[in-house]
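Computed from heavy atoms alone, side chains included, the values below leave out hydrogens, waters and symmetry copies. Computed from a prediction, not measured in an experiment: that's the story for all the values here.
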Amino acid sequence: MFDEKFEAYWREQVRGAEGQRKEMLGRDLTGTKILLQTVLLPVFGTFDGLVLEHEMTSLSGVKIYGDVYCPRLRTVFEEEHYITHAEKMTRGRFSFERARARSMAALGLVYYPYGRDELERKPDWCRRDLYEFIGRVGSASNTGLMRLPVYEREVVRCALYWNDSFDLAIASQWLQLGKETTRKILSKLEAARWIAPVGGSERRCHRFMLTGNAVSLIYGDGTRTGEMF
């Protein structure tokens, strides 16, 4: 399923690419696919808005590229393999990578690398790390999340860091409120499509998960609806 989605996404990126970026898209993207499959797609819920092999101009005037760029977060995500980025790195390459990171900083971008080993061995930890980053960015920039009533906002915030489905009892603990009051708050979030039921039956839902709208709130972009993490 992922391979089919990635193939369509990759072809779309290639159609809009020119010159050296198009050549970069034709190279081995195994590491980038692992980054997308284990972290970025589960967290963002979609490939929309993510740019493969994002082209930038460095401080020295040469073209540099980032594995995956998220414009809404102004962040460049990268997968780095120990063998190619450490064990076999030359002094010249080491200096180039430091200059590259400085160039991204000068462009006002966040450089957010993941090691191949942690992507493969600790994917849950990697996703929690990204959720934490998104939450901090959202809090700092006073985005759409802050427009929610305080109890609804707290459910979204806690669920974001929880990184799993949650039930009424868990939400009650987060809010320190009775179950009936909490149930009404969850109903409002479900009606607004910030959370969606999982499991249970048509008449009775046992657990909930955030939808893609929750991350969109953090971004300050309320255009996405109903995408599950």
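In this structure, Phe166 and Ala159 approach most closely via the heavy-atom pair CE2-CB, 3.7 Å. Smallest separation of non-hydrogen atoms from Thr30 and Asp28: OG1-OD1, 2.6 Å. Annotation for Leu109 and Tyr69: closest pair CD2-OH, 3.7 Å, computed over non-hydrogen atoms. Nearest heavy atom pair, residue Arg74 against residue Gly108, reads NE-O, 3.3 Å. Scanning both residues, Pro113 and Glu118, for their nearest heavy atoms gives O-OE2, 4.4 Å. The shortest non-hydrogen separation linking Leu107 to Thr57 is CD1-O, 4.0 Å.
When atom types are taken as modelled, the side chain of Glu120 and the backbone of Asp117 share no donor-acceptor pair closer than 3.5 angstrom. Remark: side-chain polar atoms of Asp67 are paired, donor with acceptor, to backbone N or O of Glu79 under 3.5 angstrom. Side chain of Glu152 to main chain of Pro149: no donor-acceptor pair is present (N/O by atom type, distance under 3.5 Å, no hydrogens or angles). A donor-acceptor pair under 3.5 Å links the side-chain atoms of Ser103 to the main chain of Leu59, judged by distance alone. Put simply, the side chain of Tyr9 gets close to the backbone of Leu50: a donor and an acceptor are under 3.5 Å apart. In terms of modelled atom types and a separation under 3.5 Å, the side chain of Arg21 and the main chain of Glu53 share a donor-acceptor contact. Trp10 places a side-chain N or O within 3.5 Å of a backbone atom of Leu25 that can act as its donor or acceptor partner. For Thr211 (side chain) and Arg193 (main-chain N/O), a donor-acceptor pair under 3.5 Å exists by modelled atom type.
Atoms NZ and CE, on Lys22 and Met24 in that order, are 15.0 Å from each other to the nearest 0.5 Å. In this structure, OG on Ser172 lies 7.5 Å from CG on Leu186, to the nearest 0.5 angstrom. With rounding to the nearest 0.5 angstrom, the SG atom of Cys158 is 11.0 Å from the CD1 atom of Ile170.
Counting only heavy atoms from C-beta outward, the side chains of Asp124 and Arg127 approach each other to under 4.5 Å. When side chains are defined from C-beta on, Phe47 does not count as touching Leu52, because their heavy atoms never get closer than 4.5 Å. Counting heavy atoms from C-beta outward, Arg15 and Arg11 have side chains that approach closer than 4.5 Å. Using a 4.5 Å heavy-atom cutoff, the side chains of Phe133 and Val110 are in contact. Between Trp174 and Thr182 there is no side-chain heavy-atom pair separated by less than 4.5 Å. Considering only heavy atoms from C-beta on, Cys126 stays 4.5 Å or farther from Thr38 through its side chain.
Annotation for Arg27: atom CZ counts as buried by contact number, over 12 foreign heavy atoms lying within 6.0 Å. No more than 12 heavy atoms of other residues, nucleotides or ligands sit less than 6.0 Å from atom CD of Glu4.
Between Tyr114 and Phe77, the ring planes lie parallel to each other; the angle is under 30°, not in the 30° to 60° tilted range. Aromatic ring orientation, Phe6 versus Phe2: parallel (interplanar angle below 30°, classes split at 30° and 60°).
Val62 and Met104 fall within a single hydrophobic cluster, where Ile, Leu, Val, Met, Phe, Trp and Tyr side chains are chained together by heavy-atom contacts under 4.5 Å. Phe44 and Leu29 fall within a single hydrophobic cluster, where Ile, Leu, Val, Met, Phe, Trp and Tyr are joined by side-chain heavy atoms under 4.5 Å apart, directly or via other members.
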inquiry  = Does Leu148 form a side-chain contact (heavy atoms from CB on, under 4.5 Å) with Glu154? I'd like the steps, not just the answer.
reply    = CA-CA 9 Å; Leu148 284 176; Glu154 186 66 5; over 6 Å; no
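A side-chain contact (heavy atoms from CB on, under 4.5 Å) with Tyr65 is found for one member of Glu55, Glu23, His54 and no other, namely Glu55.
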